[in-house]
Amino acid sequence: MSIREDKNELLVLSNSAFIPLDRCGKTLERTAHSPKIKIDKYLYAMRFSDETLMDIMKRFRRELGNGLGRDTNHTATVKMLPTFVRSIPDGSEKGDFIALDLGGSAFRILRVKVSHEKKQTVQMESQIYDTPEDIIHGSGARLFDHVAECLGDFMEKQNIKDKKLSVGFTFSFPCAQTKLNEFSHKQICCTMDYDADIMAVVNDTVGTMMTCGFDDQRCEVGIIIGTGTNACYMEELRHIDLVEGDEGRMCINTEWGAFGDDGMLEDIRTEFDREIDRGSLNPGKQLFEKMVSGMYMGELVRLILVKMAKEGFLFEGRITPELLTKGKFETKHVSSIEKSKEGLTKAKDILGRLGVEPSADDCIAVQHVCTIVSHRSANLIAATLGGILSRLKDNKGNPRLRTTVGIDGSLYKMHPQYARRLHKTVRRLVPESDVRFLLSESGSSKGAAMVTAVAYRLADQRRQITETLAEFRLTSDQLLEVKKRMRTEIQNGLGKKTHDSATVKMWPTYVLSTPDGSENGDFLALDLGGTNFRVLLVKIRSGKRRTVEMHNKIYAIPMEVMQGTGEELFDHIVQCISDFLDYMGMKNTRLPLGFTFSFPCRQTSLDVGILVTWTKGFKATDCEGEDVVGLLREGIKRREEFDLDVVAVVNDTVGTMMTCAYEEPTCEVGLIAGTGSNACYMEEMRNIEMVEGDVGRMCVNMEWGAFGDNGCLDDIRTEYDRAVDDFSLNPGKQRYEKMCSGMYLGEIVRNILIDLTKRGFLFRGQISETLKTRGIFETKFLSQIESDRLALLQVRSILQQLGLDSTCDDSIIVKEVCGTVSHRAAQLCGAGMAAVVDKIRENRGLNQMNITVGVDGTLYKLHPHFSGIMHQTVKELAPKCNVNFLLSEDGSGKGAALITAVGCRMREQEEQKS
């Protein structure tokens with residue numbers, strides 16, 4: 001409604017006549033428009049255009065920001081006090097709680113029972129206790145002694161003195177808190193002879209929000225519009241500088257009554273507002289509250305009436321002692337006079353008691369003065385509430401805000417037109433929002449119990465979640481034990497007598513040397529390690545400026561081929577090679593080829609690799625126990641289109657080491673931390689009992705993913721690890737890999753989330769069909785969710801893409817679960833690597849050793865924290881090794897070509913010797 005419409009609504013009295021008198025009592029002449037002109041003179045400043053209200057809204061938005069900022073809070077008028085209430089009710093609260101409501105000369109104690117039978121219900125029993133005047137004005141110790149005594153009396157009458165109940169305390173005064181249960185706990189606990197756990201101090205405004213939040217979980221704003229006024233809302237923790245942490249939300253008690261104490265509202269304050277302030281107990285303070293709240297509204301109207309009467313425009317200029325008496329015109333009178341039907345009758349009665357003998361026109365005029373004053377209050381509250389709503393909308397990043405405002409207070413509830421005006425103005429000021437206004441029932445006392453219930457739920461939930469995730473948090477002693485066991489399994493894998501029973505197979509690769517820089521020529525490389533298959537042409541040039549030029553094409557391997565016959569798989573691979581050679585125009589050239597085959601293989605020479613077992617979802621028949629180079633050569637022969645010199649079968653981990661060694665000669669270890677997990681290193685020939693000869697070194701492919709398959713890691717495996725293993729394609733195998741590789745981390749997280757949801761800690765206890773789907777929670781989501789740059793709103797967006805309708809609290813828990821699972825994975829990987837580098841150091845009899853590890857894999861490269869945690873773990877568990885980690889560039893392609901080049905070089909050297 002515009003100003004013009006406001007005038008039409010409010011100033012209909014211009015069509016009514018009242019007769020002002022001069023000082024001698026004679027009738028003053030006037031036109032029909034003079035009442036309108038005079039009312040304009042007095043009350044024009046109390047009516048605001050939407051432009052003015054928008055400006056006030058913007059000013060309040062700025063004050064919200066100032067109150068939240070560490071550097072600006074001390075000068076801000078709107079103090080934005082953290083309440084440490086971090087969650088609204090989610091419907092799962094239950095229990096028996098006590099609520100104390102201290103806010104005036106009497107206080108109320110309630111017993112609130114929240115139960116879950118068919119639906120969540122609340123039963124309340126209460127008793128009111130008077131607070132004697134001498135205690136109200138006495139010491140704080142006496143006040144809280146009295147509170148404790150009354151609480152004891154209530155608990156005795158309820159026959160619950162022997163129970164330890166959780167207590168919430170509504171304290172309806174401005175309070176600076178540093179934790180949820182501060183202040184009341186230390187004041188009350190020391191005086192009582194019964195056991196009560198005081199969990200929360202609650203401002204009445206917060207209590208209102210929480211009461212309404214119990215009925216509507218969208219409620220995230222609370223407002224009091226009564227004797228006083230205040231608001232609270234759920235703010236993003238990352239914006240609250242005065243509280244540590246940046247994840248989640250916290251309820252902020254704005255204490256908005258002080259808005260304008262710095263002069264920001266001077267342009268809209270009237271002479272009547274200033275007179276009210278001068279006569280108050282706290283001049284210069286709570287200026288906004290004095291313009292809008294029930295405590296001052298009646299007095300504002302009285303001051304206006306006095307001035308109009310003094311100037312002869314009301315009551316025929318009569319001014320009575322009653323009219324001049326402060327407090328004689330109350331806010332309840334304003335509400336009564338504004339009622340549409342009996343309002344004028346009430347006006348005549350109320351004004352008659354003030355001794356002014358009003359005319360009919362006087363009654364109409366006074367009714368409209370009341371309307372203008374109360375309408376101004378509703379408009380100003382709408383502007384400040386609009387500031388909060390627009391901030392909430394921006395915080396959420398949504399084009400439209402859908403929220404609920406919990407509201408309480410006598411002015412809002414009792415005034416006939418107030419609520420309608422407030423709602424209407426809010427919708428005009430914040431049109432991009434759908435706001436539900438929910439009237440609080442049982443006031444702030446029930447709210448205190450709900451805060452306590454939520455705090456109790458969160459504390460119990462936190463304890464259980466911590467216990468659940470504690471199994472994943474490995475101690476230094478546990479990690480040292482993992483390192484020690486890995487070392488034992490390494491020895492078993494290298495030994496001739498123990499090799500067959502060893503889980504870490506330590507396969508010889510027959511790669512006897514890392515690149516020395518003299519490698520030269522064109523080489524073909526094949527890379528098979530997952531659902532995609534690559535063919536590469538690698539041109540290596542030696543000399544002063546060594547170069548490696550690569551060309552490649554990627555081909556998909558359909559699921560039916562991955563899990564069909566071996567012949568079908570290798571025919572598909574040969575067809576892809578044929579296509580690539582056509583593409584490069586090299587079908588007539590017999591190129592040396594390196595075959596990166598990223599599955600457990602037992603090699604008997606550089607070009608013979610016997611597949612031990614399929615992993616990563618492959619199930620092609622007639623391959624396990626066979627030489628994969630032989631299967632490839634047979635496929636080439638069946639096609640009869642080209643010929644290749646297959647020089648080497650290469651594991652991707654070895655390729656990674658060789659790629660990095662080409663750049664950094666100290667690189668003698670390779671690590672894959674991606675979809676799968678594996679390591680290789682240059683072992684002394686004398687220690688590899690399955691290979692003849694004891695001079696020099698040979699790269700050993702550890703195949704450490706199977707570490708723990710003999711049960712040696714069972715003491716640190718969790719029920720979630722066992723569930724992932726049981727439902728995998730290869731139950732009982734690759735257990736270490738299933739704890740630390742990218743293929744399985746998302747699935748571990750999904751199993752934990754299902755369990756936490758079943759226990760009511762997540763997603764309102766509702767397990768979605770999406771969450772039931774195996775493999776839906778990909779490891780890439782862990783990387784995204786754990787990103788330090790990602791706000792919780794973006795985490796919620798990721799979860800929504802997965803069909804998971806999450807709250808802010810859900811997002812925090814999901815992020816914690818992801819972080820815990822990936823942290824353990826990095827630590828386990830680090831413990832294994834510590835065992836490897838310490839073994840190399842001891843092989844060489846060094847007290848201190850510098851070594852480089854070549855690394856590849858999406859988990860290592862893309863996860864925001866994996867690499868750092870792994871590095872730190874290696875440093876702590878192998879302190880005598882200075883380990884440098886070097887990121888590999890295409891270990892499985894370039895590395896295969898380098899191994900082939902080294903193989904060709906060494907073959908030529910052998911031929912020259914012979």
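All of these numbers come straight from a predicted model, not from anything done at the bench.
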query: Salt bridge or not for E519 and R546, using N-O below 4.0 Å?
result: no
message: Under a plain distance cut-off of 3.5 Å, with no hydrogens placed, do Q603 and N701 share a side-chain donor-acceptor pair?
response: no
message: Using the salt bridge (Lys or Arg N to Asp or Glu O under 4.0 Å) criterion, which residues pair with K733? Sequence neighbours excluded.
response: none
message: Over 60° means perpendicular and under 30° means parallel, so tell me whether H871 and F885 are parallel, tilted or perpendicular.
response: parallel
message: Within the structure provided, determine whether V814 and I798 are in side-chain contact (heavy-atom separation under 4.5 Å).
response: no
- request: Return yes if some donor-acceptor pair links the side-chain N/O of Q563 with the main-chain N/O of K619 below 3.5 Å, else return no.
  value: no
- line: Residues at least two apart in sequence or cross-chain that pass side chain to side chain donor-acceptor pair (under 3.5 Å) with D856, listed by chain then number, are K861
query: Distance-only, no hydrogens or angles: does the E689 side chain make a donor-acceptor pair with backbone N or O of K496 under 3.5 Å?
result: yes
- request: Could you tell me whether the side chain of T770 and the main chain of L802 form a donor-acceptor pair under 3.5 Å?
  value: yes
query: For I490 and Y681, what are the C-alpha separation, side-chain angles and deciding distance, and is it a side chain to side chain contact (heavy atoms under 4.5 Å, CB included)?
result: CA-CA 11 Å; I490 287 172; Y681 70 98; 3.8 Å; yes
message: So does K738 get a backbone contact from the side chain of S741, meaning a donor-acceptor N/O pair under 3.5 Å?
response: no
query: Looking only at heavy atoms, what is the nearest atom pair of L569 and A620, with distance?
result: CD2-CB, 4.0 Å
message: If we count only N and O atoms by modelled type, under 3.5 Å, do the side chains of S578 and K587 hold a donor and an acceptor together?
response: yes
- request: Take L782 and F777 through the test side chain to side chain contact (heavy atoms under 4.5 Å, CB included) and record every step on the way to the result.
  value: CA-CA 8 Å; L782 269 75; F777 206 100; 3.6 Å; yes
- request: Say whether, by atom type as modelled, one donor and one acceptor occur between the side chain of Y860 and the main chain of G674 under 3.5 angstrom.
  value: no
- prompt: Does a side-chain N-to-carboxylate-O contact under 4.0 Å join E747 and R750?
  reply: yes
field: Those residues that, when tested against N882, pass side-chain contact (heavy atoms from CB on, under 4.5 Å) (two or more places apart)
entry: N850
field: Distance in Å, L526 CG paired with N552 CG, rounded so as to fall on 0.5 Å steps
entry: 12.0 Å
message: Counting C-beta onward and ignoring hydrogens, is there a side-chain heavy-atom pair between K505 and R602 closer than 4.5 Å?
response: no
statement: The residue among K483, Q827, M833 that forms side chain to side chain contact (heavy atoms under 4.5 Å, CB included) with T873 is Q827
- request: Could you give me the CA-CA distance, side-chain angles and deciding distance for D721 and R824, then say whether side chain to side chain contact (heavy atoms under 4.5 Å, CB included) is met?
  value: CA-CA 12 Å; D721 295 308; R824 183 192 67 162; 2.7 Å; yes
- prompt: Within the distance-only criterion (no hydrogens, no angle test), does the side chain of H865 pair as donor or acceptor with the backbone N or O of E786 below 3.5 angstrom?
  reply: yes
field: Exceeds 12 heavy-atom contacts within 6.0 angstrom, atom CG of N588
entry: no
query: Under 4.5 Å between any side-chain heavy atoms of L631 and D622, yes or no?
result: no
- prompt: Would a 4.5 Å heavy-atom cut-off, applied to side chains only, mark Y720 and V821 as touching?
  reply: no
message: Tell me if a side-chain donor or acceptor on S677 pairs with a main-chain N or O of A673 at a distance below 3.5 Å.
response: no
- prompt: So do F618 and L729 actually touch side chain to side chain, heavy atoms under 4.5 Å?
  reply: no
T656 side-chain N/O to S888 backbone N/O, donor-acceptor pair under 3.5 Å: no
- prompt: Going from CD on E663 to CE on M658, what distance comes out if it is rounded to the nearest 0.5 angstrom?
  reply: 13.0 Å
task: Report the residues that fulfil ring pair (Phe, Tyr, Trp, His ring centres under 6.0 Å) with H572, sequence neighbours left out, ordered by chain and then residue number.
output: none
message: Test salt bridge (charged side-chain N to carboxylate O under 4.0 Å, His left out) on E549 and R541; report intermediate values, then the result.
response: CA-CA 8 Å; E549 181 188 325; R541 300 294 179 261; over 6 Å; no
message: Run the ring pair (Phe, Tyr, Trp, His ring centres under 6.0 Å) test against F597 and tell me which residues pass, sequence neighbours left out.
response: F595, F599, W614
message: To the closest 0.5 Å, what do you measure between CZ (R590) and CG (L524)?
response: 12.5 Å
message: Under 3.5 Å, is there a donor on one side chain and an acceptor on the other for S598 and D652?
response: yes
- prompt: How far apart are the closest heavy atoms of A834 and L877, and which atoms are they?
  reply: CB-CB, 3.6 Å
message: Measuring from atom NE2 of H823 to atom SG of C818, what distance do you get when rounded to the nearest 0.5 angstrom?
response: 14.0 Å
message: Could you check whether any side-chain heavy atom of D522 comes within less than 4.5 Å of a side-chain heavy atom of T589, counting everything from C-beta outward?
response: no
task: Please list, chain by chain and in numerical order, all residues satisfying side chain to side chain donor-acceptor pair (under 3.5 Å) with R841, sequence neighbours excluded.
output: D838
K772: salt bridge (Lys or Arg N to Asp or Glu O under 4.0 Å) partners, not counting sequence neighbours: E769
- line: Those residues at least two apart in sequence (or on a different chain) that pass salt bridge (Lys or Arg N to Asp or Glu O under 4.0 Å) with R487 are E842
message: Could you work out, with side chain to side chain donor-acceptor pair (under 3.5 Å) as the rule, every residue matching D607, not counting sequence neighbours?
response: S605, R633
- prompt: Regarding E664 and T852, is there a side-chain donor-to-acceptor distance under 3.5 Å anywhere?
  reply: no
- prompt: Side chains of L644 and L632: does their closest heavy-atom pair fall under 4.5 Å?
  reply: no
message: Has S501 got a side-chain atom pairing as donor or acceptor with T498's backbone, closer than 3.5 angstrom?
response: yes
task: List for me each residue that meets side chain to side chain donor-acceptor pair (under 3.5 Å) alongside D579, sequence neighbours excluded, and say none if there are none.
output: K553, Y555
- prompt: Rounded to the nearest 0.5 Å, how far apart are CG of D582 and CD1 of I577?
  reply: 12.0 Å
message: Restricting to salt bridge (Lys or Arg N to Asp or Glu O under 4.0 Å), what partner residues turn up for D571, sequence neighbours left out?
response: R638
message: So, taking the atom named OG in S797 and the one named CD1 in I785, what distance separates them when rounded to the nearest 0.5 Å?
response: 10.5 Å
field: Close side-chain approach of F580 and L537, heavy atoms under 4.5 Å
entry: yes
field: Whether E568 side chain and G566 backbone form a donor-acceptor pair below 3.5 Å
entry: no
message: Once ring pair (Phe, Tyr, Trp, His ring centres under 6.0 Å) is applied, do any residues pair with Y736, and if so which ones, sequence neighbours excluded?
response: W704, F707
message: Distance alone, cut at 3.5 Å: any donor-acceptor contact between the side chains of T615 and Q734?
response: no
message: For the CD atom on E560, are there more than 12 heavy atoms of other groups (residues, nucleotides or ligands in this structure) within a distance under 6.0 Å?
response: yes
